[in-house]
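From a predicted model like this one, the values you see are computed outputs, not experimental measurements. Start at 1 and go down the list; that is how both ligands and their atoms are numbered.
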Amino acid sequence: MPRKIVVLDTTLRDGEQAPGCSMNIQEKLEMAKQLERLGVDIIEAGFPVTSPEDFQAVQQVAQTIKNATVTGLSRAVRGDIDRAYEALRVAENPMLHIVIATSDIHLQHKLKMSRQQMLEKMSSAIAYAKTLCPLVQFSAEDAFRSDPAFLLEVLNEAIRQGATSLSIPDTVGYATAAEVQQLVSYLNENLINRQSVRLAIHCHNDLGQAVANTLMAVSAGADQIECTINGIGERAGNTSLEETVMALHTRKAFYQCECGIKTKQLYRTSKLLSTITGIGVAPNKPVVGANAFAHEAGIHQHGILNNRATYEIMSPSDIGIPESRVVLGKHSGRHAFIERLTELGYSIHEKEMDAAFEKFKQLADRKKNITDRDLEALIGPFAISIPETYTLDAFVINSGTIISATAVVKLIRDGIAYEQVARGEGPIDAAYKAIDQIVNNGYHLDNYSIQAITDGEDALGEAIVQIRKEDDIVTGRGLSTDILEASIKAYINAINKTLIS
Ligand code: KIV
Ligand code: ZN
């Protein structure tokens, strides 16, 4: 009988701490719903005490999610714990998560506490948390640079106070696989009342070891893995959920473990996160990268044609990568469109279906054959419904090598048309300047990228922009077979997000 591994996803807490990965409340909520569809056991939704927005995001996730435990981080102080519990108490299944560092380097230079002081602080924090909530996780920050005997003493005290799970973070991504194996085995053998708690592993990827170390911990007996989608997180990131889960899935006979993740939702979850944050994954990223299933070498292609297993250890359909098979076209009606989306696993609200179908029709006018990939790209944004305060009505752009670019852009807001003309360093700069003149909201372009996301001459181009006003960074996405239109739409999408009250 395979051992069940619990998956805690911390994309919305540890992942969101990564530069450029911050999400607004609505984006966190949509991501949480997708994590629930993905089948994660625990969603860490934020760190409620840090800001009113984080508090609200955790509270809304707690209110919405029914099929996963929801947690939020607190330091080992009552104020943090109270705030976290206030946000989490509405959850079907809340869990408090308390962290304090156990390594001497953190104790001396960050907490300025003795080991004994830290132990007492942790002990009373867990005891207090237990009076509020039956599920309490304790994380020993910087566990892998802590004295193992002291770490054991701390974790045993957490068990005595009623902690239900214990996590050992490799906070700075320093551990080797052999050390992970040693520490997990040592704790497994020496923790008091070991069966009463889950032992969790939480790795960072500073030395590129996060997934390998997480898998090693599983082999050594850890019960819970802590990951983020696309491996986002502080510095070099956290353990990538999709890589770890697919390793457990593909090498099930080796690991003799299983988890509740629905692997066919992995690709969509990765895409949704990239859409929200504007941060894509490298083409060679395992599992979800654009090249993860591409076979260029002739000898490989030959083998694949004879038998896919020659060079492919997983199939794209295992992770839900849509096929590039033609599925719809110009003459497909609303019924066929809805049916195909349902087959792909999308359920779109009735009120958004009209807009989605309209977008499909516009695309079908320009693109003869619509594939599942096109549909995925088209429908992605409907997962995050942003009120379209401004919509693009029309644009004309002139540019060339001997003239400076000029753009005329017409936007509609509340039924009124606004038109501006601007000159710029290139066609996109000119268009964005014209839009700035209309909107005038103080945000400026911080980042811009464009890529083809489907195949062929009439490929769909996806533009991602990040606009910034002081510390507020907002991401927008635009899609079109015309790259200028995609770029303008991405800019308007970001502007519309800034206008959500
Ligand atoms: O990496 C870490 O130590 C953490 C803790 C705050 C749980 O993320
Ligand atoms: Zn971490």
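Counted by atom type alone, T228 and N238 present zero donor-acceptor pairs between their side chains at under 3.5 Å. With 3.5 Å as the limit, one finds no donor-acceptor pair spanning the side chains of T171 and E141. In this structure, a donor-acceptor pair under 3.5 Å is present between the side chains of S487 and Y448. Side-chain contact of N230 with S270: a donor-acceptor pair under 3.5 Å is present, judged by distance alone.
In terms of protein heavy-atom proximity, atom 1 (O) of ligand 1 is nearest to H204 NE2, 3.0 Å. Looking only at protein heavy atoms, the nearest one to atom 4 (C) of ligand 1 is H202 NE2, 3.6 Å. Among all non-hydrogen protein atoms, the one lying nearest atom 3 (O) of ligand 1 is T171 OG1, 2.7 Å.
The NE2 atom of H204, the Zn ion (ligand 2) and the NE2 atom of H202 define an angle of 100° (nearest 10 degrees).
Between K33 and E36, none of the side-chain N atoms (NZ, or NE/NH1/NH2) sits under 4.0 Å from a carboxylate O, so this pair counts as no salt bridge. Using a 4.0 Å cut-off between charged nitrogen and carboxylate oxygen, D223 and R198 do not count as a salt-bridge pair.
Atoms of ligand 1 found under 4.0 Å from any heavy atom of E141 (numbered from 1 in listed order, with element): 3 (O).
The Zn ion (ligand 2) sits nearest to atom OD2 when only the N, O or S atoms of D14 are considered.
The proximity of D14 to ligand 1, defined as any non-hydrogen pair under 4.0 Å, is limited to the side chain. Contacts between R13 and ligand 1, counted as non-hydrogen atom pairs separated by less than 4.0 Å, involve the side chain only. For E234, no heavy-atom contact with ligand 1 is shorter than 4.0 Å.
Separation of the Y174 and F144 ring centroids does not fall under the 6.0 Å cut-off.
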